[in-house]
There are 2 protein chains.
Amino acid sequence: MNERKPRRGQGTRTAATIRTVAARAGVSTATVSRVLTGTAPVNEELAERVRTAAAELSYKPNAAARGLVLGTMRSLGILMPDMSNPYFFEVVDEINRAGAAQAFRTLVASSYGDPDAELETAKDLLPQVDGLFLLSSRIPVEGLRTLARAEVPVVLVNRIEVGVDLPMVAVDVFSVTMELCGQLLRQGHRKAVYLSGSPDSWQNRERWRAICTAAAMGLETECVQTDGTIESAYQAVDQALKHQPTALLAFNDLAAIGAVSRLRDLGLEVPASVSVTGFDDIPLARHTEPKLTTILSPTAELGRTAWNRMHALLQGIPSPAAQMLPAHLVIRDSLGPAKPIQ
Amino acid sequence: MNERKPRRGQGTRTAATIRTVAARAGVSTATVSRVLTGTAPVNEELAERVRTAAAELSYKPNAAARGLVLGTMRSLGILMPDMSNPYFFEVVDEINRAGAAQAFRTLVASSYGDPDAELETAKDLLPQVDGLFLLSSRIPVEGLRTLARAEVPVVLVNRIEVGVDLPMVAVDVFSVTMELCGQLLRQGHRKAVYLSGSPDSWQNRERWRAICTAAAMGLETECVQTDGTIESAYQAVDQALKHQPTALLAFNDLAAIGAVSRLRDLGLEVPASVSVTGFDDIPLARHTEPKLTTILSPTAELGRTAWNRMHALLQGIPSPAAQMLPAHLVIRDSLGPAKPIQ
DNA sequence: CGTCGCGTTGTAAACGTTTTCAGGAGGACA
DNA sequence: TGTCCTCCTGAAAACGTTTACAACGCGACG
């Protein structure tokens, strides 16, 4: 079942090692290492011999061996609940880009929605990397606490959890959602339905918390669950309409687009009959019909900030616990005045 | 500048090794290894002692050391030109999912559009992984040939190149684009503009080749370059309209959406004034206004097939050179009869 | 009772690097 | 000429695993 090393058959030429190169160049392995890493001065003639020998054998240093002695593989792990969400990959991209500039590799993993598996995967990943990013983690708090005791830095992205000793970076979802609710109220909306995302995500909890707070200001809200995809939002609209809302607040832009699509299929005008809002301000948002009123979530900045925290931590510089990035309301056309009840 | 190992300060407790565990359990390191990997039978009492010792010390085997002796890090590399394209991540997702089931890690890297850097990155990645996937690679042919001589399998995804000895998996872009052109002709279109993607991508070359072939059947075509994003397609439309086409063939769905958006802003109806088609059939395509006529590209199947090839190769099973996956025309509303020239 | 064999354990040798340490060559200076 | 110092090089010791090999205990069988 679990076949191991191919036992080095005599037919297959085994890859060149540093010893092979040293032999061919007529020097010691130490010298080869020094030439190739440039960590110490070496006579230019020897160096040249080493370089040609290495090239001729097309020698590549073994990463595991180097990692073993150096004590680091120079790799960063990124764990996300869901690889199909393009939103995450702007963050991944930013981390990868910044890390690559410092010769770090990026290891990605996904738990595919299972919070228990997520903790396991994290623990699994931990000994293999120099640092770990947790994106929109659904790991329960006690799990996070154990991760906080890991030997390598762990940075929590898109989640803030008090009482957990981890560096955290997130978008200030609460404030901006409150702002959005205020906007709804000013436009005469009194009854809205929230098309939720995955219920155990921090973003979702924050949004719902803000929406509930807004209830005290006169905005009555119901919650209909989706998983944040276009399709599930499309299907959730019928249920949402039973509450006779004048506005639909979607968890993200994709869900908003799904909702708009269903409303259109039902013959309802947006925003004339029902208003719809999104979240993230993906590039698409300004090109839909109608153009989407949404919330600009600074994804690239989020990734960049997360990397900066990690970078500091890797150098032993302590880092502030929690950091909130501001989001901004983007007013376009999908939010209009509430339709008066006829 | 380039600080090394933190020289094991006396304050920081160094992580537990297999020797620590062995000492605490009162057994040899061999026994610990056998218990933890389950490679040989061990007395149950000892095994239990080892397990509790390992747990108490929260021992994690060092990946580099294990990788060194085992000769593999059990990791797969994925190199793509562009991490911001969500299209790629369906493939990444599929590979990651299948690989994870076999205890493989996924290493991602991006060349950010520079073909020379791409080859360098590939060579760099090669010694660290057990296999490498090249997604929509722009590496020149001679570069690919050197990669074909690597010690680990390399699988080319979304590119077919004759005379290169690499396993290749791709979508049959040519045939389906021809089919699309036939459809255009039947609807009376005689003049179309192709909103291209990145010019050195194989997909783009295939599409353009098909479109040029269709010219012989009476479809006159021009090419306007974009980079396949919504924004760049949006901006390319004005230039495209100078050729007075009755249809716009976009490189992918996002570009199509950008084009539709611009046309709408110009007051032109789709498809009444101009038809627009996409490529990929992303989930969004059926929810736009108008619903997008596009080409279903079997992304998940592509990833799955690529993985299967890799999996076979890893076990030494030779694999056929090139493999084409069929794509399908998806007729929706954005393609209509050509508007007669007034 | 001796011997064989089996099943479990420990010892030690890999794996391929980097790096410490000591040694050697050669120049400067007294 | 002798001493010291600098600069370069090589031998060998790590790094933390896995595993081949030997050793041991113990029951079975002659």
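Being a predicted model, the structure only gives us computed values, none of them experimental. In what follows, every chain begins at residue 1, and chains take the letters A, B, ... in the order their sequences are listed.
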Original post:
Okay, side chain of Ser58(B), backbone of Ala55(B): is any donor-acceptor separation there less than 3.5 Å?
Top reply: no

Original post:
Sub-3.5 Å donor-acceptor pair from the side chain of Arg74(B) to the main-chain atoms of Thr72(B), do we have one?
Top reply: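 Judged by distance alone, no pair lies under 3.5 Å.
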
Original post:
In terms of side-chain heavy atoms, does Glu118(A) have a donor or acceptor partner in Ser137(A) at a distance below 3.5 Å?
Top reply: yes

Original post:
Among side-chain atoms of Tyr112(B) and Asn96(A), is any donor-acceptor pair under 3.5 angstrom?
Top reply: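 On atom types as modelled, these side chains qualify, holding a pair under 3.5 Å.
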
Original post:
Base, sugar-phosphate, or nothing for Ser33(B), non-hydrogen atoms under 4.0 angstrom?
Top reply: base

Of all the choices, [options], which nucleotide is nearest to the side chain of [X] once you look at every atom?
X: Val69(A); options: dG16(C), dT18(D), dG16(D); answer: dG16(C)
X: Val27(A); options: dT18(C), dG10(D), dA12(C); answer: dG10(D)
X: Leu70(A); options: dG16(C), dT19(C), dT8(C); answer: dT19(C)
X: Arg34(B); options: dG10(C), dC15(D), dT8(C); answer: dG10(C)
X: Ala30(B); options: dA12(D), dG10(C), dT8(C); answer: dG10(C)
X: Asn43(A); options: dT9(C), dC8(D), dT18(D); answer: dC8(D)

Subject >> Residue from Val42(B), Val27(B), Thr29(B) passing side-chain contact (heavy atoms from CB on, under 4.5 Å) with Arg34(B) >> reply: Val42(B)

Original post:
Is the number of heavy atoms from other residues, nucleotides or ligands within 6.0 Å of CG (Asp165(B)) greater than 12?
Top reply: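 No, CG of Asp165(B) has 12 or fewer neighbouring heavy atoms, counting only those of other groups under 6.0 Å.
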
**OP:** Would you please test Glu301(B) and Arg304(B) for salt bridge (charged side-chain N to carboxylate O under 4.0 Å, His left out) and show each step?
**Re:** CA-CA 5 Å; Glu301(B) 196 187 341; Arg304(B) 167 59 64 170; over 6 Å; no

Nearest-angstrom distance from the residue atom [atom1] of [X] to [atom2] of [N]:
X: Leu57(B); N: dG16(D); atom1: CG; atom2: P; answer: 14 Å
X: Leu36(B); N: dG16(D); atom1: CG; atom2: P; answer: 16 Å
X: Ile18(A); N: dG10(D); atom1: CD1; atom2: C1'; answer: 13 Å
X: Leu68(B); N: dG16(D); atom1: CG; atom2: P; answer: 12 Å
X: Arg74(B); N: dT18(D); atom1: CZ; atom2: C1'; answer: 15 Å
X: Met73(A); N: dG16(C); atom1: CE; atom2: C1'; answer: 12 Å

Original post:
Which of residues 58-66 of chain A have a heavy atom under 4.0 Å from DNA chain C?
Top reply: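 Tyr59(A), Lys60(A), Pro61(A), Asn62(A), Ala65(A), Arg66(A), in order of number.
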
**OP:** Assign the ring pair Trp307(A) / Phe104(A) to parallel, tilted or perpendicular, where the plane angle (0 to 90°) is split at 30° and 60°.
**Re:**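 Perpendicular, since the angle between the ring planes exceeds 60°.
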
Original post:
Does a side-chain N or O from Thr17(B) land closer than 4.0 Å to OP1 or OP2 of dG16(D), or not?
Top reply: no

Original post:
At under 4.0 Å, does any side-chain N or O of Thr31(B) touch on OP1 or OP2 of dT9(C)?
Top reply: no

Subject >> Pair Arg51(A)-Glu48(A), salt bridge (charged side-chain N to carboxylate O under 4.0 Å, His left out): steps then yes or no >> reply: CA-CA 5 Å; Arg51(A) 274 189 287 267; Glu48(A) 196 47 39; 3.3 Å; yes

**OP:** Note down the inter-axis angle between the two ends of the helix from dC1(C)-dG30(D) to dA30(C)-dT1(D), five pairs each, to the nearest 10°.
**Re:** 60°

Subject >> From CG (Asp114(B)) to CZ (Arg138(B)), nearest 0.5 Å >> reply: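 Here the rounded value is 11.0 Å.
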
